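Notes for the one structure printed next.
All heavy atoms count here, side chains included; hydrogens, waters and symmetry mates do not. What you see is a predicted model; the values in this text were computed from it and never measured.
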Amino acid sequence: MAESGYKNPIDGTPTPNGSNRANKRSVATSDYILRFLAFAATLVAVIVMAVGKQTKTVPVTLLPNLPPINVEAHAKWQYMSAFVFFMVINIAACVYSALSLILAIGNRFGSKGLDLAVIILDLIMLSLLFAANGAAAAVGVLGYHGNTHTQWKKVCNVFDSYCRHAAASIILSLVAALMFVLLLALAASTLHKRCL
């Protein structure tokens, strides 16, 4: 094997040229896998939240002397602005993950400008996912526990199936955010190696 002139950053020994190519291939493969996993996690998170509708008949007491009136109540993600924000961001992250995967596969020759744009967009998408997950999780905690100070009652004891769907969707979205964290760590590692 021919020597490449590159040195191993750990011990300073020369690195064979084939090893450098294999490293680039493994980094590209990791990038493809992480982008696909982010796409799949956001897609499933959107589907789980979208199908998590529930209708229940709940008794409502208007006056203490009168018997309760049965009212049909619906739980849908469209009724909470935090869940609407969550869905919009997860749909955007899903579309972005698919497009960036296509761009990553098409950019095998390594356009530095495109690489930088994708890194910046990955960071923006990660920030938006964390914001959406935080908003949805806050509403979810209110649904599970209520708030005694403001007299908001918990609703997950009534809409248990809906709350399970919402919790699963938030967990899947957090998994997608973790994939973006790993993508950014991989990009930082690649940029660090280019600077050596």
Side-chain angles (χ1 to χ4, degrees), residues 31-102 118 120-186:
D31 187 74
Y32 302 155
I33 291 169
L34 289 171
R35 289 189 189 285
F36 177 77
L37 290 174
F39 166 75
T42 52
L43 178 65
V44 175
V46 167
I47 291 170
V48 168
M49 183 66 88
V51 299
K53 302 172 186 168
Q54 191 173 6
T55 302
K56 287 274 191 150
T57 302
V58 294
V60 176
T61 304
L62 297 176
L63 294 172
N65 301 347
L66 297 175
I69 300 171
N70 290 330
V71 176
E72 194 171 84
H74 306 279
K76 295 182 181 179
W77 63 268
Q78 295 99 327
Y79 295 162
M80 295 294 294
S81 58
F83 286 153
V84 171
F85 177 60
F86 175 85
M87 288 289 277
V88 167
I89 295 303
N90 274 279
I91 291 168
C94 183
V95 170
Y96 169 74
S97 297
L99 291 175
S100 67
L101 177 61
I102 292 167
V118 168
I120 291 169
L121 289 172
D122 284 349
L123 186 58
I124 291 169
M125 200 52 59
L126 173 66
S127 303
L128 289 172
L129 275 172
F130 276 141
N133 288 327
V139 169
V141 169
L142 278 175
Y144 272 104
H145 301 293
N147 187 332
T148 57
H149 300 291
T150 58
Q151 300 302 317
W152 290 343
K153 298 187 186 323
K154 59 184 176 179
V155 295
C156 286
N157 57 341
V158 177
F159 298 106
D160 54 343
S161 173
Y162 172 74
C163 289
R164 281 195 305 272
H165 277 84
S169 184
I170 292 167
I171 290 169
L172 286 165
S173 185
L174 284 170
V175 168
L178 176 64
M179 295 304 116
F180 279 105
V181 168
L182 294 175
L183 279 166
L184 287 167
L186 185 66

Counting C-beta onward and ignoring hydrogens, is there a side-chain heavy-atom pair between Ser169 and His165 closer than 4.5 Å?
no
Mind running side-chain contact (heavy atoms from CB on, under 4.5 Å) on Val51 and Trp77 for me, showing each step along the way?
CA-CA 9 Å; Val51 299; Trp77 63 268; over 6 Å; no
Which heavy atom of Cys94 sits nearest a heavy atom of Leu43, and at what distance?
SG-CB, 3.7 Å
Quick one: CG on Leu142 to NZ on Lys153, what's the gap to the nearest 0.5 Å?
14.0 Å
By side chain to side chain contact (heavy atoms under 4.5 Å, CB included) - contacts of Ile120 (at least two apart)
Leu116, Ile124
Distance in Å, Asn90 CG paired with Ile47 CD1, rounded so as to fall on 0.5 Å steps:
11.5 Å
With sequence neighbours left out, which residue pairs that include part of residues 39-86 fulfil the disulfide (SG to SG under 2.5 Å) condition?
none
Hey, could you give me each pair passing salt bridge (Lys or Arg N to Asp or Glu O under 4.0 Å) that has a residue in residues 121-146? Not counting sequence neighbours.
Arg35-Asp122
Using the side-chain hydrogen bond (donor to acceptor under 3.5 Å, both in side chains) criterion, which residues pair with Tyr162? Sequence neighbours excluded.
none
Could you list the donor-acceptor pairs under 3.5 angstrom formed between side-chain atoms of residues 126-136 and any protein atom two or more places apart in sequence or on another chain?
unit_1	atom_1	unit_2	atom_2	d
Ser127	OG	Leu123	O	3.0
Asn133	OD1	Ser173	OG	2.8
Asn133	ND2	Leu129	O	3.0
Asn133	ND2	Ser173	OG	3.3

Quick one: side chain to side chain contact (heavy atoms under 4.5 Å, CB included) partners of Ala98, sequence neighbours excluded?
Phe39
Can you confirm whether Val46 sits close enough to Phe86 that some side-chain heavy atom of one is under 4.5 Å from a side-chain heavy atom of the other?
no
Output all residues satisfying disulfide bond (SG atoms under 2.5 Å apart) with Cys156, sequence neighbours left out; order by chain, then residue number.
Cys163
Taking atom CE of Met80 and atom CE of Met87, what is their separation to the nearest 0.5 Å?
14.5 Å
With sequence neighbours left out, the residues meeting side chain to side chain contact (heavy atoms under 4.5 Å, CB included) with Ala168 are Val48
Rounded to the nearest 0.5 Å, what separation is found between the CG atom of Leu182 and the CD1 atom of Ile33?
12.0 Å
For Thr57, give me all partners under side chain to side chain contact (heavy atoms under 4.5 Å, CB included), at least two apart in sequence or on another chain.
Asn70
Tell me, please, which residues at least two apart from Gln54 pass side-chain hydrogen bond (donor to acceptor under 3.5 Å, both in side chains).
Asp160
Does atom CZ of Phe85 have more than 12 heavy-atom neighbours from other groups under 6.0 Å away?
yes
The side-chain hydrogen bond (donor to acceptor under 3.5 Å, both in side chains) partners of His74 (sequence neighbours excluded) come to Thr55
Tell me which pairs pass side-chain hydrogen bond (donor to acceptor under 3.5 Å, both in side chains) where either residue lies in residues 39-50, with sequence neighbours left out.
none
Restricting to non-hydrogen atoms, name the atom on Met125 and the atom on Phe180 that form the minimum distance, rounded to 0.1 Å.
CG-CZ, 3.9 Å
With a 4.5 Å cut-off on side-chain heavy atoms, are Asp31 and Leu183 touching?
yes
